Protein chains: 2
Amino acid sequence: MRSPVQQYLESIVEQCSGTEGEVASYIPELAQTDPDRFALALATVDGHVYTLGEAETCFSIQSISKPFTYALALADRGFQGVAEKVDVEPSGEAFNEISLASDTGRPPNPMINAGAITAASLIAGENTESRFARVLDWLSGFAGRDLEVDEKVYTSELTTAHRNRAIAHMLREFNILHGDPEEQLDLYVRQCAVSVNTRDLAVMAATLANGGVQPVTQRRMLEPAYVERVLSVMATCGMYDAAGDWISAVGMPAKSGVSGGIIAVLPGQVGLAVFSPRLDAHGTSARGVQVCERMSNDMDMHLMHVGRMSTTAVRSRYPLSQVSPRRSRPEADQAVLDAHAERSMVYELHGDLLFAGAENAVRAVVDDTPELVILDVRKVDDIADVAQDTLRGLRAALREADAEMAVVDPQRVLPDPDAGTDQASPYFDDLDSAVRWAEAEVLRRHGRQPTDEQTLVNEHPLLRDLSSSARRVVDSYMEEVHFSADEVVLEVGEQFSGVHLIVEGAVIATVQDRSGGTVRLVTMNPGTSFGELALGTDGVQDTTVRAISDLAVLRLSAEAIEEITAEHPLVALQMWRAMARDAYRVAERALRAGATFG
Amino acid sequence: MRSPVQQYLESIVEQCSGTEGEVASYIPELAQTDPDRFALALATVDGHVYTLGEAETCFSIQSISKPFTYALALADRGFQGVAEKVDVEPSGEAFNEISLASDTGRPPNPMINAGAITAASLIAGENTESRFARVLDWLSGFAGRDLEVDEKVYTSELTTAHRNRAIAHMLREFNILHGDPEEQLDLYVRQCAVSVNTRDLAVMAATLANGGVQPVTQRRMLEPAYVERVLSVMATCGMYDAAGDWISAVGMPAKSGVSGGIIAVLPGQVGLAVFSPRLDAHGTSARGVQVCERMSNDMDMHLMHVGRMSTTAVRSRYPLSQVSPRRSRPEADQAVLDAHAERSMVYELHGDLLFAGAENAVRAVVDDTPELVILDVRKVDDIADVAQDTLRGLRAALREADAEMAVVDPQRVLPDPDAGTDQASPYFDDLDSAVRWAEAEVLRRHGRQPTDEQTLVNEHPLLRDLSSSARRVVDSYMEEVHFSADEVVLEVGEQFSGVHLIVEGAVIATVQDRSGGTVRLVTMNPGTSFGELALGTDGVQDTTVRAISDLAVLRLSAEAIEEITAEHPLVALQMWRAMARDAYRVAERALRAGATFG
């Protein structure tokens with residue numbers, strides 16, 4: 001089916017005609033461009049790219065290279081090394097302004113030519129050749145394909161770069177540039193002549209939107225701290241003397257180029273690229289600005305747009321008792337759990353645990369002050385460094401209140417700072433295991449005295465309501481069977497082989513989901529039974545039951561059940577009635593649990 | 001229990017001693033301030049406020065009033081009316097610079113004094129008195145309490161405001177100010193002398209972080225579009241000539257005041273306020289800057305920090321068949337549903353449906369191209385205007401593929417643009433109703449021919465396996481009972497009153513959750529039964545069953561069941577066995593459904 005997003009983008013472009021403005025003339029080669037060419041590309045942070053128009057047609061990158069070479073300079077020299085040579089202050093000046101700080105001679109920012117030439121000069125390498133090779137490789141990494149230089153544009157621009165040549169020499173005069181300014185200029189001009197298409201630019205922008213990881217190749221190009229710096233500078237200085245206007249009207253860090261390209265970045269969401277060669281007074285694509293403004297307004301793509309995501313870090317929160325039930329324990333233990341499970345809470349967190357998210361989650365726990373806490377962070381996307389300290393702080397506060405905490409975190413996205421010490425919290429790979437931990441803890445804290453196995457068996461719903469005579473008959477048909485650890489007791493798909501009462505040891509039952517994956521594990525202990533559910537599926541066993549320790553079960557086989565039914569109808573009646581009651585009990589609990597998710 | 005967030009804030013403050021810098025001297029009254037006073041307040045967008053130090057001690061708001069009076073000017077005059085008098089470009093200049101555009105005479109932005117005096121002059125009102133009354137009321141609205149003017153500061157400042165007086169007259173010369181510049185200056189100086197405490201400032205900042213709604217009083221102070229404008233200007237110009245440095249290092253729109261206050265806004269997350277009177281070279285609280293930088297770094301409170309939230313709009317997606325089952329239809333219909341339900345998909349969306357979220361959700365549907373789509377938007381926080389067009393586009397694309405869509409949206413956060421027309425999609429208040437719509441639609445599209453009621457009854461699991469003789473006995477005990485629409489058939493808590501087979505009409509069953517709320521509705525139609533689940537809860541009915549149309553049921557009462565058991569044991573045996581099998585079937589389905597959520 002056709003994507004409505006694609007249709008939507010088309011409708012926006014139709015509404016932004018944009019016939020005013022002229023193509024850049026100061027670089028002869030650019031003056032040749034057909035002014036009415038147009039392309040738009042939008043790349044998501046998970047690597048999906050929508051394109052419109054001539055998205056594959058190439059043109060020289062020009063000033064859109066500036067944020068990327070600035071990024072490479074940061075990667076090569078670090079914040080300090082770069083800051084010594086170029087500042088990050090908006091100058092409110094035109095792109096080609098020659099303005100250096102009166103004291104240090106530093107250009108105000110790396111988005112105007114003076115600052116960009118300086119940033120290029122900071123790129124490490126043996127000589128201009130190898131340094132430019134690194135630039136080309138760098139830009140190619142962001143684009144996700146091998147880029148080349150448009151030699152015509154390069155030559156054309158180099159011969160007419162009088163103003164930039166002046167800037168370069170001025171920078172040398174202030175010792176901002178080192179070495180031969182002509183070589184630095186050459187590097188800069190070549191960088192501007194790299195040939196890209198609109199799709200490339202969208203993906204390059206999306207790499208910044210994605211925290212520095214190229215969304216298609218998944219290659220990390222830049223550290224998040226440098227990404228934040230680059231985006232900050234684009235936001236305040238990217239559009240030259242129209243920066244304030246742009247950030248107010250469009251609200252995305254952006255960079256324009258004199259060949260008619262614009263990139264805009266919405267952190268965490270998308271990279272956008274537009275190409276339309278007609279320029280406005282600021283040397284920026286006139287139609288490109290139109291399209292970006294329109295998209296920002298229609299789609300709330302504004303950096304300052306307030307979403308409330310970050311305040312809903314607690315995806316859901318519910319007492320232990322609401323986690324889907326399992327027939328894994330004697331009624332008496334169940335009663336203890338029912339009585340106390342309300343004070344054991346599960347918190348499913350999701351999204352970003354940045355400050356607001358972490359605060360929100362912690363406050364939920366603090367408000368409840370439960371006895372046991374299960375933090376399920378499996379759906380968490382992003383975690384601020386502070387989250388670990390918060391985890392430690394939360395645990396400390398809980399322990400002051402004699403409470404304990406467990407974490408469900410198979411990926412270890414929220415590693416325990418005290419891992420390996422006796423301070424560490426238990427970590428689990430799935431919620432079910434954590435729930436079993438919590439249930440065991442509740443029983444330890446509030447549990448009745450453990451009962452001997454015979455009593456557990458006698459208390460089983462299938463037996464306890466039988467008359468003594470009926471019980472004697474049933475007992476006579478029950479056989480004790482032994483399995484060793486890891487032995488499979490029941491296999492998915494096999495025929496109903498009878499009801500199994502656990503006398504000693506434990507089993508684990510696996511339920512398959514439709515995709516064939518194992519969706520949940522149930523541990524069953526003495527006093528509980530398994531196998532009878534097959535009666536509900538036309539006698540076909542649909543879980544695999546495996547002994548996890550040496551196991552002793554009392555089995556009432558399918559044949560035995562048939563014989564009792566045939567030869568002792570009155571006993572069978574009691575037996576089936578007990579089974580019906582037990583089954584309805586399980587059904588009722590399961591439906592009720594399901595209801596909390598409905 | 002103690003909040004670890006509180007503890008964390010304390011630890012940060014300890015690490016930012018900040019003893020350098022001097023208090024402002026150019027306003028005599030401010031020079032009196034104890035330089036070592038300190039306070040920090042952090043307000044979340046849901047109105048929780050953390051405070052440290054002297055958060056209740058008052059001081060004059062000074063330049064922190066600028067973004068708020070600019071906001072009032074916008075509310076009074078609109079974007080255009082304000083833009084004619086003051087621009088939004090960062091000037092890279094000091095707060096007290098006298099710099100007006102050579103052509104228009106407009107101050108570059110409303111954060112420097114010239115622009116702020118201009119913004120104040122745009123506030124509507126009869127005379128200076130009534131206009132200032134509006135300013136005071138406006139600031140009080142943001143703070144959530146009635147603020148007052150510090151008359152001492154006002155007088156002290158007015159008499160020494162030579163530079164601002166010069167600026168005012170210069171602005172009048174360019175006809176940027178209208179009327180008497182002395183009056184405009186007076187208004188501005190009074191605005192700066194409004195007395196606030198650190199808690200007030202945090203809540204005022206949080207109002208901007210919350211899209212213009214005061215998080216404590218819930219009063220909407222400002223339209224979102226104006227909030228975005230104010231935050232944009234704070235981001236580029238709020239810290240004067242250190243704006244670029246600030247946005248790079250701290251990354252939050254902010255405003256400082258010469259009395260030692262700083263506010264910082266993290267859109268959608270928190271409002272932060274710090275108070276420490278020692279100022280740095282830019283006239284900004286030195287320790288305040290330290291604390292903000294530290295918090296931004298430790299807590300990833302940077303505007304450009306990339307979260308991945310927005311790409312996980314699809315909270316979960318699963319086929320109809322995985323929604324917790326209900327015993328509401330004949331086996332044959334169930335079979336049809338099992339065969340086709342995989343092509344009916346439920347999409348639970350959450351968070352913000354801004355562009356990336358909406359795109360992400362739409363793409364999930366497009367990739368699946370199911371036959372029936374249920375969009376569950378109950379967990380969605382924020383929706384961009386574009387989402388409605390996207391909804392319409394998605395529906396159109398689905399219909400081209402002969403697919404249909406329903407929306408679960410009790411709050412109507414995603415209203416149907418075609419509501420009321422024959423194009424509209426069905427909307428539901430709960431998932432269960434939508435699921436029932438989808439199931440009915442699947443049966444309509446693929447269903448077998450409807451069967452007459454008698455056949456449905458005969459097919460019921462409780463009856464179909466009985467021998468003909470046993471069936472005759474059971475039939476003789478069944479009584480046909482009639483109820484009219486809305487009549488309650490079974491009440492929560494009543495004793496087991498028997499098994500009810502629906503012959504005609506339908507009932508709805510409500511399950512209560514622990515909080516007493518109604519968690520799910522089940523509709524049951526001819527051929528299905530109710531009441532028997534009570535056998536699983538020691539004979540206590542735990543749902544309320546109500547007729548939703550004229551109803552005819554065949555009831556096998558509890559007494560009848562006892563009698564059959566006593567007098568026709570062989571029949572009872574068959575009956576209980578059938579019940580056990582049926583119960584296990586329900587239990588198995590319910591457990592399996594629960595498993596997908598475990």
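To find a chain, count down the sequence lines: A is the first, B the second, and so on, and within it residues start at 1. Model, not experiment: these values are computed from the prediction.
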With a 4.5 Å limit on heavy-atom distance, are the side chains of [X] and [Y] in contact?
X: N360(B); Y: T44(A); value: no
X: P253(B); Y: L303(B); value: yes
X: Y584(B); Y: D582(A); value: yes

Relative to chain A, which segment of [X] carries a heavy atom at a distance below 4.5 Å: side chain, backbone, both, or neither?
X: P224(B); answer: neither
X: S248(B); answer: both
X: Y50(B); answer: side chain
X: T565(B); answer: both

Given L231(A) and M234(A), is the side chain to side chain contact (heavy atoms under 4.5 Å, CB included) satisfied, shown in steps?
-> CA-CA 5 Å; L231(A) 291 174; M234(A) 287 169 72; 4.1 Å; yes
May I ask you to name which of [options] has the most heavy-atom pairs under 4.5 Å with chain A?
options: L394(B), L266(B), V265(B), V230(B); value: L394(B)
options: V365(B), D87(B), L42(B); value: L42(B)
options: M301(B), E400(B), Q7(B); value: M301(B)
options: V233(B), D245(B), V362(B); value: D245(B)

Rounded to the nearest 0.5 Å, how far apart are OG of S296(B) and CD of E228(A)?
-> 7.0 Å
Looking at chain B, which one of [options] has the largest number of heavy-atom pairs inside 4.5 Å, strictly under?
options: M295(A), M575(A), K379(A), R363(A); result: R363(A)
options: A401(A), A534(A), A243(A); result: A243(A)
options: R581(A), R577(A), M579(A), H48(A); result: R577(A)

Residue part contacting chain B, namely of L570(A), when any heavy atom lies under 4.5 Å = side chain
Under 4.5 Å from a heavy atom of chain B, the part of V270(A) involved | side chain
Of all the heavy-atom pairs spanning A580(A) and A583(B), show the shortest one and how long it is.
-> O-CB, 4.1 Å
Just by modelled atom types, is the E89(A) backbone N or O under 3.5 Å from a matching donor or acceptor in the N109(A) side chain?
-> yes
Donor-acceptor under 3.5 Å (H302(B) side chain, A225(A) main chain) | no
Show your reasoning for whether side chain to side chain contact (heavy atoms under 4.5 Å, CB included) applies to M304(A) and L208(B).
-> CA-CA 10 Å; M304(A) 304 297 174; L208(B) 295 174; over 6 Å; no
